[in-house]
A.B. asks: 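Sharing a structure with you now.
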Amino acid sequence: MSAVNDTKFNSAVFLLTGIPGQDDIHRWISIPFCLMYVISTLGNSVILFIIKTDQTLHEPMYIFLSMLAVTDLGILISTMPTTLGIFLFNSREISLDVCFAQLFFIHSLSYIESSVLLLMAFDRFVAISKPLRYASILTPVRIARMGLFFVLRSVALHIPLPFLLKRLRYCQTNVLSHSYCLHQEVMKMACSDITVNHIYGLSIKLSTVGLDSLLIFLSYVMILKTVLSVTSHAECLRALNTCVSHLFAVLLFYTPEIGLSVIHRFGNSSSHLLQILLGYIYLLVPPLMNPIVYSMKNKNIRERIIRAFIK
């Protein structure tokens, strides 16, 4: 009997979901999704190309922006195959191992993005509060070390997730709410005790996203304190204007992230559609909007992009 159960477990699959009740128009829905993926990929690739080829942009602010672009590309690559597979080919099945691998990359990259947003907040704080020491504080070596630390932190914290999920038995409904796998949803498919998964997942979120968001908030409190002490109104506005793009990126990332987490843990059946929409906003909108916002708000990036296309 045990051997039979093990066989069922090893061959089990999950069924991904596009947009419930809209199966007959999935091909049409795939058009905006394809456009989003293409625009997001091109936008982030252009940002990376501009920063890499222009020596004048090899500054801390733009290095952090390139980190954000790389992370966004990683998130796109992690979600694109299953999302487009559903809308274009109605390919809903995903094996357990592939699902576990996908959620590892999605969660790891999302939390790396949270850390990059923290580093960008620190960059703005140093630039505004200590402008004369900006270059000496944020040296290339120090930036590389900070980036490597946060990447290793995210990867180390998320490596246990696939193993914690693999030990569970899945004998309940296997239909997921999204077109990709998320830990907080996959663990609910199990008929085993998920207390360890629940506690570990929550502790990761609090120690990474929770801590990062708190530190970002404190950074802006100190930035405001510094800016308000400046007597010149024009200087005050100029300093705050350098933070607009980053604030937009922070709100774009954390709002759906927090909303999705709350719904997954405390939501009911009436919030199912909202959960699906927030899931798409959470992973697809930031990679789409970040390069657009930074291109519009950052004069140096905007001028380089215009110059590159005019040529």
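Along the sequence shown, the residues carry numbers beginning at 1.
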A.B. asks: Hey, any chance Ile77 and Phe105 share a hydrophobic cluster, counting ILVMFWY side chains that come within less than 4.5 Å of each other, even indirectly?
C.D. replies: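 No, it is not one cluster - the side chains of Ile77 and Phe105 are not joined through contacts under 4.5 Å.
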A.B. asks: Do Val250 and Met222 sit in the same hydrophobic cluster, where Ile, Leu, Val, Met, Phe, Trp and Tyr count as joined when their side-chain heavy atoms come under 4.5 Å apart?
C.D. replies: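 Yes; tracing contacts between hydrophobic side chains, which count when under 4.5 Å, links both residues.
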A.B. asks: Are Ser129 and Thr226 close enough that a side-chain donor and a side-chain acceptor fall under 3.5 Å?
C.D. replies: yes
A.B. asks: Which residue in the set Val70, Thr71, Asp72 passes side chain to side chain contact (heavy atoms under 4.5 Å, CB included) when paired with Val116?
C.D. replies: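 Among Val70, Thr71, Asp72, the one meeting side chain to side chain contact (heavy atoms under 4.5 Å, CB included) with Val116 is Thr71.
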A.B. asks: Quick check against the 3.5 Å criterion: does Asn44 have a side-chain atom that pairs as donor or acceptor with the backbone of Pro287?
C.D. replies: yes
A.B. asks: Has the side chain of His58 got a donor or acceptor atom that lies under 3.5 Å from a matching backbone atom of Ile63?
C.D. replies: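 Such a contact is absent between His58 side chain and Ile63 backbone.
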A.B. asks: Under a 4.0 Å threshold between the charged nitrogen and the carboxylate oxygen, would Asp212 count as salt-bridged to Arg153?
C.D. replies: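 Yes, Arg153 and Asp212 are salt-bridged.
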A.B. asks: Test your reading of the model: is there a side-chain donor-acceptor pair from Tyr254 to the backbone of Ala249, 3.5 Å cut-off?
C.D. replies: no
A.B. asks: Does the side chain of Phe122 reach to within under 4.5 Å of the side chain of Leu215, using non-hydrogen atoms?
C.D. replies: no
A.B. asks: Verify, without hydrogens or angle tests, whether Tyr282 (side chain) and Gly259 (backbone) share a donor-acceptor contact under 3.5 angstrom.
C.D. replies: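 A pair under 3.5 Å: no.
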A.B. asks: Could you check whether Thr56 and Asp54, counting side-chain N and O atoms only, form a donor-acceptor pair closer than 3.5 Å?
C.D. replies: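 Yes - a donor-acceptor pair under 3.5 Å links their side chains.
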A.B. asks: Taking Asp123 for its side chain and Leu119 for its backbone only, find out whether a donor-acceptor pair lies under 3.5 Å.
C.D. replies: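 Checked: no pair found.
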A.B. asks: Treating Ile, Leu, Val, Met, Phe, Trp and Tyr as nodes and any side-chain heavy-atom pair under 4.5 angstrom as an edge, say whether Phe89 and Trp28 lie in one connected cluster.
C.D. replies: yes
A.B. asks: What are the two closest heavy atoms between Ala121 and Ile223, and how far apart are they?
C.D. replies: O-CD1, 4.3 Å
A.B. asks: Quickly, which of Tyr111, Phe104, Tyr200 forms a ring-ring contact (aromatic ring centres under 6.0 Å, His included) with His158? Name it, please.
C.D. replies: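 That would be Tyr111; it is the only one of Tyr111, Phe104, Tyr200 passing the ring-ring contact (aromatic ring centres under 6.0 Å, His included) with His158.
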A.B. asks: Quick check: does any side chain N or O of Glu113 sit under 3.5 Å from a backbone N or O of Leu68, one acting as donor and the other as acceptor?
C.D. replies: no
A.B. asks: Can any side-chain N or O of Arg142 pair as donor or acceptor with the backbone N or O of Ile137 at less than 3.5 Å?
C.D. replies: yes
A.B. asks: So does Ser136 get a backbone contact from the side chain of Thr139, meaning a donor-acceptor N/O pair under 3.5 Å?
C.D. replies: no
A.B. asks: Output the distance between atom CG (Leu161) and atom CD1 (Ile106), rounded to the nearest 0.5 Å.
C.D. replies: 12.0 Å
A.B. asks: With side chains defined as the heavy atoms from C-beta onward, is the minimum distance between Lys166 and Leu96 less than 4.5 Å?
C.D. replies: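 Lys166 vs Leu96: side chains apart.
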A.B. asks: Grouping I, L, V, M, F, W and Y whenever their side-chain heavy atoms are under 4.5 Å apart, do Ile199 and Val209 come out in a common cluster?
C.D. replies: no
A.B. asks: If Ile, Leu, Val, Met, Phe, Trp and Tyr residues are connected whenever their side-chain heavy atoms lie under 4.5 Å apart, and connections chain through other members, are Leu284 and Leu35 in the same group?
C.D. replies: yes
A.B. asks: Backbone N or O of Ser192 within a donor-acceptor pair of the Arg169 side chain at under 3.5 Å?
C.D. replies: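 No; judged by distance alone, with no hydrogens or angles, the pair does not exist.
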A.B. asks: State whether the side chain of Thr82 and the backbone N or O of Ser179 hold a donor-acceptor pair below 3.5 Å, judged by distance alone.
C.D. replies: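 Answer holds: yes.
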